[in-house]
**Student:** 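Quick one: the structure is below, and I'll ask about it shortly.
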Amino acid sequence: MLQLSVIREQREGVISALKKRRIPNIEQTIDQVLTLDQDRRRTQQEHDELLAESNRIAREIGELMKSGRKEEAEARRARTSDLKQRVAALSDTLTRTANSLQQLLYQIPNAPHNDVPDGAGPDDNVVVHQRGSIPELPGTAVPHWDLIKQYDIIDFDLGVKLTGAGFPVYKGKGAKLQRALINFFLDAAAKKGYAEIQPPILVNEASGYGTGQLPDKEGQMYRVDADNLYLIPTAEVPITNLYRDVILTERDLPIRNAGYTPCFRREAGSWGAHVRGLNRLHQFDKVEIVHITRPEDSYKEHEEMVAHAESLLDALELPYRRVLLCGGDMGFNAAKCYDLEVFAAAQKRWLEVSSVSNFETFQANRLKLRYKDGKGKTQLLHTLNGSALALPRVVAALLENNQGPKGIRIPAALVPYTGFDIIERNG
RNA sequence: GGAGAGAUGCCGGAGCGGUCGAACGGGGCGGUCUCGAAAACCGUUGUCCGAGCAAUCGGACCGAGGGUUCGAAUCCCUCUCUCUCCGCCA
């Protein structure tokens, strides 16, 4: 959530930034925050003064009792009951006001960075650049959902049998390809100096709140009711929550973690016409990178993260473009976000395979993730994360773009990992 | 699943209902000594909220939430979590 101090000190800036998200009535919401904040502070002042008084009397009673002056102690005792009632009432108001303030803050998304274009939706996103060459496929080329059947490498029907729609079964070279991509991505991250993390894929409620999946995206996560745990929708959740309630020192920074996990998303209500095959799944594999940096370093690191994700697509010889998301298309937590989209040549569609975001202090504020700066002052850090990369759509593009008369060609960079350079037709 | 124990500061660990933000030890940081280091010695070492330009002052926090009391880390209740033993088991 946004920092109250920032809203207080830069009201206009916050409002104009949030307007890029095209949120209706944002001024009113922000002013409501400021009013509640004022109320809260006024109440606290009054509350603290009364408590101080009451603490003072209690101390005096203690001393009087000790020196045996019972009557004087009794006299003071009588004075406290009225004080107590007033403190209780104020304390009640204080909690209520603080709660309303908190609730309101939870509902306000992050303020977009200066670079973020104003816009309502995907059409207002800006293509930063496009790389790689788009293959010319023959007329006989087919989308990946046909290829996986022809080559018998991914089976959706079996997944339905075991679990349900959106839980594919990877078979033979299809399964090997998954494993190869995961290892390739992890090795690439290790070469860039990332520390590898293998986190739990079930997390508790506190972790869900820490990275902002809760409360707003409750319905998008699978919940294990018996134990009140959630299946992670992304490794971002456990890997970032590693640093919940942590105060780092400057020497620890920057932190660069990478981790592979399966990801689980209910995707309630988001199945549409274009959602076929690997384009959207309930369970998928992803290597995630997470950076934690000093505020002044985060945008430099953000660029490095996207560049790293792009280098993976370069190595896989996939055509892609980098898209700077506009205010209206950006996730709730992000201040700035790039998407990487690969071109799946048979579908003739751009598919998002990575989303790299700088959250600035938005997550850190909830996580209470801070560091001591050079002057010994404790302040919030910046958190960033990105996919590097999510597998299914990479696989979709690999299959579609590399299909040929002999089979599906595996890009050279991946061959050491797969152990084969082509997926041939069975029989 | 059964039985028991516990939750205190960066860690270990003490804590009669008042003077406890908390003894003591370790660690960290700064310093003295040293060519340097170790050792020794000295000092220092929490977070959040509020007021203030600041020094500083007030309030809160000893797993979480309630209660008793003029006063709770200390007493009572509820919840959560952790550990140990037994059972089961990759």
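Note on naming: letters A, B, ... go to the chains in the order of the sequence lines (proteins, then strands), and numbering restarts at 1 for each one.
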**Student:** Are any of the side-chain heavy atoms of A:L384 and A:S298 separated by less than 4.5 Å?
**Tutor:**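 Yes, close enough: below the 4.5 Å cut-off.
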**Student:** When rounded to the nearest Å, what value does the distance between P atoms of B:G43 and B:C35 take?
**Tutor:**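 Result for the P pair: 25 Å, nearest Å.
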**Student:** Taking a pair as Watson-Crick or G-U wobble with both distances under 3.5 Å, which nucleotide is matched to B:G71?
**Tutor:**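 When the pairing criteria are applied, nothing turns out to pair with B:G71, so the answer is none.
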**Student:** Under 4.5 Å between any side-chain heavy atoms of A:Q403 and A:V142, yes or no?
**Tutor:**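 Of all side-chain heavy-atom pairs linking A:V142 with A:Q403, at least one is under 4.5 Å.
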**Student:** Check the distance between B:C79's P and A:E205's CD and give it to me in whole angstrom.
**Tutor:**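 Interatomic distance, CD of A:E205 to P of B:C79: 17 Å.
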**Student:** Both conditions, 6.0 Å and 45 degrees, for the charged tip of A:K173 above the ring of A:F420: are they met here?
**Tutor:**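 Cation-pi check for A:K173 and A:F420: passes.
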**Student:** Write down the distance between CG (A:D245) and P (B:G63), rounded to a whole number of angstrom.
**Tutor:**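 Going from A:D245 (CG) to B:G63 (P), I get 15 Å.
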**Student:** Quick one: look up who B:G1 pairs with, Watson-Crick or G-U, both distances under 3.5 Å, and put none if it's unpaired.
**Tutor:**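 Across all strands, the one nucleotide that pairs with B:G1 is B:C86.
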**Student:** What is the distance, to the nearest angstrom, from the CD atom on A:Q379 to the P atom on B:C48?
**Tutor:**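 Checked: the CD to P distance equals 11 Å.
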**Student:** Mind calculating the distance between CZ (A:R56) and C1' (B:C70) to the nearest angstrom?
**Tutor:**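 After rounding, the gap between these two atoms is 13 Å.
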**Student:** When you compare B:U44 with B:G26, how far apart are their C1' atoms, in angstrom units rounded to a whole number?
**Tutor:**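 About 16 Å, rounded to a whole number of Å.
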**Student:** Taking 4.0 angstrom as the limit, do A:R86 and A:E53 come out as a salt bridge?
**Tutor:**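 No.
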**Student:** Look at the aromatic rings of A:Y209 and A:Y106 and report parallel, tilted or perpendicular, splitting at 30° and 60°.
**Tutor:**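 Ring orientation of A:Y209 relative to A:Y106: tilted.
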**Student:** What is the separation between atom CD1 on A:I247 and atom P on B:C11, rounded to the nearest whole Å?
**Tutor:**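 After rounding, the reported distance stands at 12 Å.
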**Student:** Identify which nucleotide among B:A51, B:G59, B:C48 has an atom closest to any side-chain atom of A:R41, counting heavy atoms from C-beta outward.
**Tutor:**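 Selected nucleotide (nearest to the side chain): B:A51.
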**Student:** Could you give the NZ-to-P distance, from A:K377 to B:U45, as a whole number of Å?
**Tutor:**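 Spelled out: NZ on A:K377 to P on B:U45 is 20 Å.
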**Student:** Choosing from B:G46, B:C48, B:C49, which nucleotide comes nearest the side chain of A:K372?
**Tutor:**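 It is B:G46.
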**Student:** Taking the same atom, C1', in B:G63 and in B:A7, what whole-Å distance lies between them?
**Tutor:**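 Between the two C1' atoms, the distance is 6 Å.
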**Student:** Between A:K149 and A:D146, does any side-chain N to carboxylate O distance fall below 4.0 Å?
**Tutor:**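 Result for this pair is no, no salt bridge flagged.
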**Student:** Give none if B:C61 has no partner; otherwise give the nucleotide forming a Watson-Crick or G-U wobble pair with it, both distances under 3.5 Å.
**Tutor:**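 When the pairing criteria are applied, B:G46 turns out to be the nucleotide that pairs with B:C61.
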**Student:** In whole Å, measure the gap between the P atoms of B:G59 and B:U19 for me.
**Tutor:**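 The same atom, P, in both gives a distance of 13 Å.
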**Student:** Could you tell me how far B:G66 sits from B:U80 if I compare only their C1' atoms? Round to whole Å.
**Tutor:**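 So the two C1' atoms sit 14 Å from each other.
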**Student:** Is the shortest distance from a Lys or Arg side-chain nitrogen in A:D157 or A:K161 to a carboxylate oxygen in the other one below 4.0 Å?
**Tutor:**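 No.
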**Student:** Taking pairing as Watson-Crick or G-U wobble with both contacts under 3.5 Å, can you name the mate of B:A37, or confirm there isn't one?
**Tutor:**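 Its partner: none found.
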**Student:** Report the distance from atom CD of A:Q45 to atom C1' of B:G52, rounded to the nearest whole Å.
**Tutor:**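 After rounding, the reported distance stands at 11 Å.
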**Student:** Identify the pairs formed between an N or O of the protein and an N or O of nucleotides 17-19 of chain B at a distance under 3.5 Å, and give each distance.
**Tutor:**
unit_1 : atom_1 : unit_2 : atom_2 : d
B:G18  : N2     : A:A58  : O      : 2.8
B:U19  : N3     : A:K66  : NZ     : 3.0
B:U19  : O4     : A:K66  : NZ     : 3.0

**Student:** Run the ring-centre check on A:F359 versus A:H302 and record whether the distance is less than 6.0 Å.
**Tutor:**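 That pair fails the under 6.0 Å test.
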**Student:** Does a side-chain heavy-atom distance below 4.5 Å link A:T234 with A:R265?
**Tutor:**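 Side-chain contact under 4.5 Å: yes.
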**Student:** Pick the P atom in B:G15 and in B:C24, then give their distance to the nearest Å.
**Tutor:**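 Rounded to whole Å, the distance is 15 Å.
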**Student:** Do the charged groups of A:K286 and A:E236 touch, with an N to O distance under 4.0 Å?
**Tutor:**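 Looking at A:K286 and A:E236, the cut-off is not met.
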**Student:** What does B:C24 pair with, Watson-Crick or G-U, if both distances are under 3.5 Å?
**Tutor:**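 The base-pairing partner of B:C24, which may sit in any strand shown, is B:G12.
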**Student:** Taking B:U32 as the reference, what is the distance to B:A37 when you measure between their P atoms (whole Å, please)?
**Tutor:**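 After rounding to an integer number of Å, I get 11 Å for this pair.
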**Student:** So if I take every side-chain heavy atom of A:R40 and compare against B:G59, B:C49, B:U47, which nucleotide ends up nearest?
**Tutor:**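 Within the option list, the nearest is B:C49.
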**Student:** Check the orientation of A:F362 and A:F332. Use parallel for under 30°, tilted for 30 to 60°, and perpendicular for over 60°.
**Tutor:**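 The arrangement is perpendicular - the two ring planes meet at more than 60°.
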**Student:** Using purine N1 to pyrimidine N3 plus N6-O4 or O6-N4 for Watson-Crick, or N1-O2 and O6-N3 for G-U wobble, each under 3.5 Å, what pairs with B:U80?
**Tutor:**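 Paired with B:U80, as far as the under-3.5 Å criterion goes, is B:A7.
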**Student:** Between A:R256 and A:E304, does at least one N-O distance fall below 4.0 Å, as a salt bridge requires?
**Tutor:**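 Yes, this pair counts.
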**Student:** Relative to the 5' end of RNA chain B, which residue comes earlier, A:L51 or A:L4, by the nucleotide with the nearest heavy atom?
**Tutor:**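 Its nucleotide being nearer the 5' end, the pick is A:L4.
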**Student:** Looking at B:U56, which nucleotide sits across from it as a Watson-Crick or G-U wobble partner, both distances under 3.5 angstrom, or is there none?
**Tutor:**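 Answer to the pairing question: B:A51, which forms a Watson-Crick or G-U pair with B:U56.
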**Student:** Between B:C49 and B:U34, how many Å separate the two C1' atoms, rounded to a whole number?
**Tutor:**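 So the two C1' atoms sit 47 Å from each other.
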**Student:** Would you kindly give the CZ-to-P distance between A:R251 and B:C29, to the nearest whole Å?
**Tutor:**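 Atom-to-atom, A:R251 to B:C29, this comes out as 6 Å.
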**Student:** Starting from the 5' end of RNA chain B, give me the residue, A:R370 or A:R76, whose nearest nucleotide shows up first.
**Tutor:**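 Final value for this comparison: A:R370.
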**Student:** Can you sort out which residues in residues 78-102 of chain A have a heavy atom within less than 4.0 Å of RNA chain B? Ascending by number, please.
**Tutor:**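 Residues of residues 78-102 of chain A under 4.0 Å from RNA chain B: A:T80, A:K84.
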**Student:** Quick one: is A:N55 getting a side-chain N or O under 4.0 Å of the B:A60 phosphate, OP1 or OP2?
**Tutor:**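 True: A:N55 side-chain N/O within range (under 4.0 Å) of B:A60 OP1/OP2.
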